[in-house]
Undergrad: 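Mind looking over this structure? Questions follow.
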Amino acid sequence: VDFRTFSFDYQFAPKTKEEAKTVLEIIRMFRHHMLPEFADKSSFLYIYPSEFDIKYYKGDKENQFIEKQMTAVLTNMTVNYTPNGQFNTFGGEMDGMPSHINITLSFKELGLLSKETSPFTSVGL
């Protein structure tokens with residue numbers, strides 16, 4: 001039995017300067033939280049990266065029909081600035097901002113799944 005992994009793919013196509021800023025903040029936030037920290041000034045020991053508890057919602061309620069994950073860490077993040085095969089950027093006030101960005105986030109659970117630790121619950125239909 002191994003730690004389970006899973007990934008999410010997101011597509012961004014900002015239309016305004018504010019949306020472009022938000023997209024860049026999202027990308028930088030995930031990059032920041034996937035990295036470990038040094039435990040002290042010697043830069044010899046690491047502290048684990050941020051942990052994620054991922055939940056799925058429909059509206060304001062947690063979606064009970066989607067499989068739950070255990071606490072996980074972000075192990076890889078891929079940013080694709082050419083999702084359509086060609087690099088395109090905006091001009092004007094967003095000069096240089098890519099018009100489309102795709103990201104893939106890969107997570108690995110921190111616990112081994114067993115009958116005792118399973119996040120699965122029965123679904124009451």
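One-based numbering along the sequence shown. Everything numeric in this text was worked out from a predicted model, so none of it was measured.
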Undergrad: Check residues 33-53 and write down every donor-acceptor pair under 3.5 Å in which the side-chain atom is one partner and the other belongs to a residue at least two apart or another chain.
TA:
unit_1 : atom_1 : unit_2 : atom_2 : d
His33  : ND1    : Ser50  : OG     : 2.7
Asp40  : OD1    : Ser42  : N      : 3.0
Asp40  : OD1    : Ser42  : OG     : 2.5
Ser42  : OG     : Phe44  : N      : 3.4
Asp53  : OD1    : Thr71  : OG1    : 2.5

Undergrad: Got a sec, which residues hit salt bridge (charged side-chain N to carboxylate O under 4.0 Å, His left out) with Glu18, two or more places apart in sequence or on another chain?
TA: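 Salt bridge (charged side-chain N to carboxylate O under 4.0 Å, His left out) check on Glu18 returns nothing, list empty.
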
Undergrad: Could you tell me if Gln64 and Tyr56 have a donor-acceptor pair between their side chains, going purely by distance under 3.5 Å?
TA: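 Per modelled atom types, Tyr56 and Gln64 side chains form no pair under 3.5 Å.
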
Undergrad: If you take all heavy atoms of Glu109 and Phe3, which pair is closest and at what distance?
TA: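 What the structure gives for the nearest pair is O-CD2, 3.2 Å.
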
Undergrad: For Val23 and Ile26, run side-chain contact (heavy atoms from CB on, under 4.5 Å): C-alpha distance rounded to whole Å, both residues' side-chain angles, the deciding distance at 0.1 Å, then the answer.
TA: CA-CA 5 Å; Val23 168; Ile26 290 168; 5.5 Å; no

Undergrad: Please list, chain by chain and in numerical order, all residues satisfying ring pair (Phe, Tyr, Trp, His ring centres under 6.0 Å) with Tyr57, sequence neighbours excluded.
TA: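 For Tyr57 there are no ring pair (Phe, Tyr, Trp, His ring centres under 6.0 Å) partners, ignoring immediate neighbours.
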
Undergrad: In chain order, what residues pass the salt bridge (charged side-chain N to carboxylate O under 4.0 Å, His left out) check against Glu62, with sequence neighbours excluded?
TA: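 Partners of Glu62 by the salt bridge (charged side-chain N to carboxylate O under 4.0 Å, His left out) criterion, ordered by chain and then number, come out as Lys68.
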
Undergrad: Give the table of side-chain donor-acceptor pairs shorter than 3.5 Å for residues 84-105, with sequence neighbours excluded, one pair per line with atom names and distance.
TA:
unit_1 : atom_1 : unit_2 : atom_2 : d
Ser99  : OG     : Asn88  : O      : 3.4
Thr104 : OG1    : Asp9   : OD1    : 2.6

Undergrad: Please name the pair of heavy atoms, one in Lys108 and one in Thr75, separated by the smallest distance, quoted to 0.1 Å.
TA: CB-CG2, 3.7 Å

Undergrad: Are Leu110 and Leu112 linked, directly or through intermediate hydrophobic residues, by side-chain heavy-atom contacts shorter than 4.5 Å (ILVMFWY only)?
TA: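 Unlinked, Leu112 and Leu110 end up in two clusters.
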
Undergrad: For the CD atom of Gln11 and the CG atom of Asn80, what is their distance to the nearest 0.5 Å?
TA: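 It comes to 10.0 Å.
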
Undergrad: Return the CZ to CE distance between Arg4 and Met70, rounded to the nearest 0.5 Å.
TA: 8.0 Å

Undergrad: Of all residues at least two apart in sequence or in a different chain, which pass the side chain to side chain contact (heavy atoms under 4.5 Å, CB included) check with Lys61?
TA: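 Applying side chain to side chain contact (heavy atoms under 4.5 Å, CB included) to Lys61 gives none.
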
Undergrad: First locate atom CZ of Phe8, then atom CG of Leu74, and finally report the distance between them rounded to the nearest 0.5 Å.
TA: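 It is 10.5 Å, given to the nearest 0.5 Å.
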
Undergrad: CG of Leu24 to CZ of Phe12: how many Å apart, nearest 0.5 Å?
TA: 10.0 Å

Undergrad: Please report the shortest heavy-atom distance between Ala72 and Phe6, naming the atom on each side.
TA: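 Looking at all heavy atoms of both residues, the shortest contact is CB-CZ, 4.1 Å.
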
